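Encoded as structure tokens, the structure appears first; notes follow it.
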Amino acid sequence: MVEEQGADIRSQVTPEEKALLTTGADYWSTAEVPGIGLRSIRMSDGPHGLRVQDDDNPDHLGLGRSLPATCFPPAVTLASSWDPKLIRSVGRALGREARHQGVDVVLGPGIEIKRSPLCGRNFEYYSEDPLLTGRLAGAMVNGLQSEGVGACVKHFACNTQETDRLRVSADVDERGLREIYLRAFELTVREGKPWAVMSAYNRVNGVFASENPWLLTDVLRNEWNYDGVVVSDWGAVHDPVAAVAAGLDLRMPGQPSDPRVRDALGEGSLDEAALDRVAERLRLLASRTEDSRTAKPAIDYDAHHRLTRQAAAECAVLLHDASGLLPIDPAQVTSIAVIGELARSPRYQGAGSSAVNATRVVNALDALQARIGGTSSVSFAPGYVLDGNEDATELVGEAVTLAGASDLVVLFLGLPSSYEAEGRDRTTIELPTEQVRLVKAIAAVNRRVVVALSNGSAVTTADWRTEVGSIVEFWLTGQAHGDSITDVLLGEVNPSGKLAETVPVRLEDTSSFLDFPGEAGHVRHNEGVHVGYRWFDARRLEVDYPFGHGLSYTTFGYSDLDIAVHELDDPIAVTVSVTLTNTGSRAGAEVIQVYVGDRSGVLQMPERELRAFSKVHLTPGASEQVELPISRTDLEHFHPDAGWVFAGGQMEVSVGSSSRDIRLHATVEVPGHPVEIPLSVWSRLGDWMTDPVAGPALRALIEERGGVKGRVGDLLSDPVSQDSALAFPLISVTQFPGFPVTAEEVEDLLGR
Ligand code: BGC
């Protein structure tokens, strides 16, 4: 369709109009060109609810001025479900609200890889693992777009920190970039087929992402066949001409009075064909989102509130349950102390451009009182203040007295909103000091403590975990906060969330510790592919809770591991089959996780990498045989000299309930394609000698000239030193007297 429209776009749009199309008409909308039937397209933040703003006040902080909308759970929470189906249903609900408001494109999902737990926007992102991110974000894109509303996947790429985000250069080696950071986008693009992608503020290896031809054209369009629109992050374009030439379609917010693109077109320094492509892509976006204009659905906000409640409860991660305090049976507990300011002032979303003006908010204190107040006595003490410097000694004293006089304590802890916001990173992974002081003081008088956590990025519990009975990580729940939490605490929902990011013991243990947030405009990703669990596993580091961890009120047994290895021409490399049994007494869900350790030796490989997962719901005593196919491309690694490779060989397959709770394990031989690194003058002498074509030719030339003499000859004839000579690049060997082939002849051999 895009092709067919090309001809009339070229003839019917004036160069001035074409130039105007490359930027918005205003803060949120694109320009219209009636001549080619192109209407204006309206965008809105995202990602976990709509933030439709009044055009006269289009700023980030105008939360009160954005229209009320359902605040769904943010990505950090949804990711813990490991459940694409659930995420798709949230995406659909969000899409319906967008259509209702006349929004064509929602600016989300955010899919940055969580390089450091300190990133202030981690709550908007899914995981530290690219496969998990891609599968889950792909489901969000599918859900949104099934309603005729475009997703805008952001921020492409490497916007993994807030500090200096508008300038910093993320310096990443190509393997790390491809296998970790870009892979998350690649999977989302391939599986979700988003209609828009947002380019990031930051630079990638020195070049601004929004003006980066390698990222926007070579990789995104040419390699991944992406056919949608690329929108800049708001204010990310510095040179609009370079941006269009690099493959950016739309600079936002709109700067229609900026003459630079029009002038460049007039002077001939910008190819008009680039602008024709912009017009074509915008037309495609307008036609894809046409439904958002024509049919405005009525919204059942109650149903969306219920969906939020269900989703957040299903995403809760039971981190620790040492003394079986959960689920709470109100009939067995006379008095419950609800402690913590967060019980009445909930944190259910993060701050910044994603903040939603929720249609309603339920706090946990009200929910608990309403649901168990008739059976048990429920008393409250705040214990600490959020975002304040007041001395909390009195509050702690009051809370400790209440805790000492109660059967059970439900303690609400978490991060105040000032800790996690767009535009700033954290500096610690600890809870605020006064909260740690409080939990210890309470545990000293009552060990029956259930901790409910509310935070948008990882907080360590290492220092106090063993002093309490249970810990549930609720992350940021969205607007049904109190009801979602109560559903889990009372066992109406059996928690089945799994961590999509490692919770470290100490910040010093994290892979980015020495390079976050960088210095002098650069942040070096020295850890390469070893991000998240890949790092903790390689270094054999103790963690607070491993990637993939999450307990349940029931238990699961794993058995009958079987691995079918497929033929080389099959796009599926292996199919892992396993039987899962609910061995406890409650219905529940488990996420079967398959990790593969590539032992081919082709590159330095992580210990294990997530390659497949499946969420399975089982009633007590029930079993299910589950098959998890793993495609050949999902097993590939990026070789700096040979591109994507899967050499095959030994693969260690581990199936488990978390990355460190492996229940079944097997080693299999999988066929692959040998890695072919093209010979160059810089290839080693040994590689030349063993090359099936160049080897015999080089050898013949050497023999014809009487063999290798001098120092290289001596080294080659000594069994101990031979390896050092074979490791020299051939071009260097030619510099030694006695080696009978010249640098020119090597070039010549290569040509042949
Ligand atoms: C944020 C984007 C957001 C945009 C529009 C930017 O500052 O980085 O995520 O979509 O503003 O509000």
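In this chain, residues are counted from 1 in sequence order. Only heavy atoms go into these numbers, but all of them, side chains included; no hydrogens, no water, no symmetry mates. All ligand and atom numbering here is 1-based and tracks the order in the structure. Please read all numbers here as calculations on a predicted model, not as lab measurements.
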Check your understanding: Of the backbone atoms (N, CA, C, O) and the side-chain heavy atoms from C-beta on, which set of Arg51 has a member under 4.0 Å from an atom of ligand 1: side chain, backbone, both, or neither?
Key -> side chain
As an exercise, identify every atom of ligand 1 less than 4.0 angstrom from a heavy atom of [X].
X: Glu422; value: 1 (C), 6 (C), 7 (O), 8 (O)
X: Lys154; value: 2 (C), 3 (C), 9 (O), 10 (O)
X: His155; value: 2 (C), 8 (O), 9 (O)
X: Tyr201; value: 6 (C), 7 (O), 8 (O)

Practice item. For the residue pair Ser199 and Ser210, confirm or rule out a side-chain donor-acceptor distance under 3.5 Å. Key: yes
Exercise for review: Return a yes/no value for Trp28: is any of its N or O atoms, backbone included, closer than 3.5 angstrom to an N or O of ligand 1?
Suggested key: no
**Study point:** Test of proximity, Arg165 against ligand 1: N or O pairs below 3.5 Å
**Key:** yes
Check your understanding: Heavy-atom distance to atom 3 (C) of ligand 1: which of Leu107, Asn159, Leu166, Asp45 wins?
Key -> Asp45
Exercise for review: Give the single entry among Met198, Arg121, Gln53 that approaches atom 9 (O) of ligand 1 most closely by any heavy atom.
Suggested key: Arg121
Point to revise | Which residues share a side chain to side chain donor-acceptor pair (under 3.5 Å) with Arg260, sequence neighbours left out | key: Asp258
**Study point:** Salt-bridge present (Arg262, Glu16; N to O < 4.0 Å)
**Key:** no
Exercise for review: Mark the output for Met252 as yes if a heavy-atom distance to ligand 1 is under 4.0 Å, and as no if none is.
Suggested key: no
Check your understanding: What salt bridge (charged side-chain N to carboxylate O under 4.0 Å, His left out) pairs are there with at least one residue in residues 91-110, not counting sequence neighbours?
Key -> Arg39-Asp104, Arg92-Glu147, Arg96-Glu147, Arg99-Glu147, Asp104-Arg293
Check your understanding: Out of Glu112, Arg165, Glu124, which one pairs with His155 under the side-chain hydrogen bond (donor to acceptor under 3.5 Å, both in side chains) rule?
Key -> Glu112
Check your understanding: Is there side-chain contact between Leu610 and Phe547, with at least one heavy-atom pair below 4.5 Å?
Key -> yes
Check your understanding: Is the closest side-chain heavy-atom distance between Gln479 and Thr359 below 4.5 Å?
Key -> yes
